[in-house]
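Below you'll find the structure, written out as structure tokens, and then a few comments.
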Amino acid sequence: MILRRWKAIPWVLSSALALVACDGTHQSQSAQKSAAPESPSKAASTEHKVASGKVYRVITEDVKPPLITYVSGKPTGFEYDVLQAIAEKQGLTFEYDITTRVNLLPSIVDGKADIAAGAITITEERAKMVDFSDPVLDYTTAVLVSKKLAGAKSMADLRGKQVASRKGTVYEQMAIDELADAKGDNIRYYDSVWLQVKSVLNGTEEVMLGDSHILEYYIQQHGNEQVAFVKGIPFPKESYGFAIKKGNTELQKSLNEGLAAIKADGTYDKIRQTYWQK
């Protein structure tokens with residue numbers, strides 16, 4: 001399950017985010033260039049704590065830009081930078097492992113990792129399996145469609161269209177419930193968000209559901225002439241959090257205290273502006 005490991009020191013590392021447009025885990029040089037943000041994260045705090053000796057294992061996907069992505073075997077991205085800023089505040093050390101999306105939460109339940117990160121939505125159902133930190137990033141659902149479907153006013157208008165979905169995400173069941181035709185064979189599965197987006201960009205599929213931050217980032221990087229976001233369908237606010245093993249109150253407290261501290265001193269906002277400059 002684990003592909004490779006890299007140990008991160010407990011202060012914030014600058015991250016050159018050569019983000020990806022890839023099939024699976026193989027990335028082309030041209031795709032990396034087009035997906036990279038213009039500036040790396042340099043939101044280091046001025047305070048430094050001595051490491052407490054606590055080493056925690058963080059499990060993530062290989063490719064989830066701009067939240068976490070591995071470049072030359074080293075993690076980068078918004079959630080990585082947030083974790084490293086928390087590590088600095090709390091005197092912690094994090095080691096990073098890679099797995100597939102569907103194995104993220106089972107890795108926590110089985111004790112193979114201490115923290116799961118990378119666009120993990122806090123839901124009541126997941127909270128039965130794991131505990132969560134306080135919210136790390138809020139977002140809403142976005143509906144990306146071929147330009148010809150941009151005038152859709154409801155999910156019913158998109159039912160039966162060709163849908164790009166992904167196993168193990170909060171959008172899989174939503175697509176089945178709201179967009180499937182009578183046979184359900186209009187929903188096809190992809191191994192990464194980028195492959196979903198690309199399938200809509202090139203016209204293979206017509207619809208995908210996803211996180212507003214991630215989809216907006218991809219469209220900014222790769223153009224929007226062939227696709228559009230549906231504007232008329234309201235969705236509630238959702239939140240990403242770091243997942244931890246049930247009952248690990250010590251780690252949960254450390255993450256929450258560190259997150260509150262970097263929000264209070266401006267570090268969190270500096271990190272966020274690196275990836276979403278508005």
Side-chain angles (χ1 to χ4, degrees), residues 1-8 10 52 54-70 75 77-87 89-90 92-141 165-176 191-193 209-211 213-214 236-263 268:
M1 177 182 74
I2 303 302
L3 302 180
R4 57 180 175 264
R5 168 172 287 181
W6 180 74
K7 184 173 181 178
S52 66
K54 291 283 188 181
V55 179
Y56 292 106
R57 299 160 296 170
V58 182
I59 198 84
T60 76
E61 291 181 80
D62 192 10
V63 178
K64 195 73 174 184
L67 299 177
I68 196 154
T69 289
Y70 287 74
F78 172 78
E79 286 194 30
Y80 169 77
D81 287 349
V82 168
L83 277 170
Q84 291 306 109
I86 290 172
K89 287 291 187 185
Q90 299 300 104
L92 306 175
T93 299
F94 294 137
E95 293 182 349
Y96 292 80
D97 289 340
I98 300 170
T99 191
T100 60
R101 183 72 184 183
V102 295
N103 283 321
L104 282 175
L105 297 189
S107 294
I108 301 300
V109 173
D110 295 341
K112 295 177 181 177
D114 302 300
I115 302 168
I120 301 176
T121 301
I122 300 171
T123 67
E124 290 183 6
E125 178 149 348
R126 287 173 175 173
K128 296 174 184 176
M129 299 173 56
V130 297
D131 286 337
F132 282 97
S133 68
D134 290 337
V136 176
L137 183 68
D138 296 332
Y139 72 96
T140 59
T141 294
S165 190
R166 192 164 179 240
K167 296 284 187 184
T169 68
V170 295
Y171 302 111
E172 179 187 9
Q173 194 60 49
M174 188 185 300
I176 292 170
D191 292 333
S192 71
V193 176
L209 305 174
D211 159 13
H213 291 309
I214 293 174
K237 183 185 79 173
E238 307 282 357
S239 299
Y240 290 139
F242 300 129
I244 58 179
K245 193 174 181 66
K246 276 284 186 187
N248 193 343
T249 55
E250 178 184 10
L251 177 55
Q252 186 180 46
K253 183 172 182 286
S254 289
L255 290 174
N256 289 343
E257 287 180 349
L259 183 59
I262 66 172
K263 286 184 175 181
Y268 177 93

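From a predicted model like this one, the values you see are computed outputs, not experimental measurements.
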Measure the CD1-CG distance between Ile115 and Asp97 for me, rounded to the nearest 0.5 Å. 11.5 Å
One should read off an interatomic distance between Glu61 CD and Leu104 CG, to the nearest 0.5 angstrom, of 5.5 Å
Does the ring centre of Tyr70 sit less than 6.0 Å away from the ring centre of Tyr96? no
What are the two closest non-hydrogen atoms of Phe94 and Leu83, and how far apart are they? CE1-O, 3.2 Å
Report the residues that fulfil ring-ring contact (aromatic ring centres under 6.0 Å, His included) with Tyr171, sequence neighbours left out, ordered by chain and then residue number. none
Rounded to the nearest 0.5 Å, how far apart are NZ of Lys245 and NZ of Lys112? 11.0 Å
So Asp138 and Ser239, side-chain hydrogen bond (donor to acceptor under 3.5 Å, both in side chains) or not? Walk me through it. CA-CA 4 Å; Asp138 296 332; Ser239 299; 2.6 Å; yes
Can you list everything that forms a side chain to side chain donor-acceptor pair (under 3.5 Å) with Glu79? Sequence neighbours excluded, please. none
Gap separating the CG atom of Leu92 from the CG atom of Leu251, nearest 0.5 angstrom: 7.5 Å
Assess whether side chain to side chain contact (heavy atoms under 4.5 Å, CB included) is satisfied between Leu137 and Leu67, documenting all intermediate values. CA-CA 10 Å; Leu137 183 68; Leu67 299 177; 3.9 Å; yes
Side chain to side chain donor-acceptor pair (under 3.5 Å) partners for Asp134, two or more places apart: none
Contacts of type side chain to side chain donor-acceptor pair (under 3.5 Å), residue Asp114, not counting sequence neighbours: Arg57
List for me each residue that meets side chain to side chain donor-acceptor pair (under 3.5 Å) alongside Gln173, sequence neighbours excluded, and say none if there are none. Asp177
Test side chain to side chain contact (heavy atoms under 4.5 Å, CB included) applied to Val82 and Ile262, step by step: CA-CA 8 Å; Val82 168; Ile262 66 172; 4.0 Å; yes
Minimum heavy-atom distance Ala243-Val130, with the two atoms named: CB-CG2, 3.9 Å
For Thr60 and Tyr80, run side chain to side chain contact (heavy atoms under 4.5 Å, CB included): C-alpha distance rounded to whole Å, both residues' side-chain angles, the deciding distance at 0.1 Å, then the answer. CA-CA 10 Å; Thr60 76; Tyr80 169 77; over 6 Å; no
Among all residues two or more places apart in sequence or in another chain, which pass the side-chain contact (heavy atoms from CB on, under 4.5 Å) test with Glu172? Ser165, Lys167, Thr169, Ile176, Tyr189
Distance from Ile98 atom CD1 to Asn103 atom CG, nearest 0.5 Å? 13.0 Å
Under the salt bridge (charged side-chain N to carboxylate O under 4.0 Å, His left out) test, residues paired with Lys128 that sit two or more places apart: none
Gln84 side, atom CD; Lys89 side, atom NZ - distance, nearest 0.5 Å: 14.5 Å
Tabulate below the donor-acceptor pairs under 3.5 Å that side-chain atoms of residues 117-127 make, not counting sequence neighbours, or state none.
residue	atom	partner	partner atom	Å
Thr121	OG1	Tyr139	OH	2.4
Thr123	OG1	Arg126	N	3.1
Arg126	NH1	Thr121	O	3.0
Arg126	NH2	Gly168	O	3.4

Mind checking side-chain contact (heavy atoms from CB on, under 4.5 Å) for Lys263 and listing every partner two or more places apart, or none if nothing turns up? Leu259, Tyr268
Does the side chain to side chain contact (heavy atoms under 4.5 Å, CB included) test come out yes or no for Ile86 and Phe242, once each step is laid out? CA-CA 12 Å; Ile86 290 172; Phe242 300 129; 4.1 Å; yes
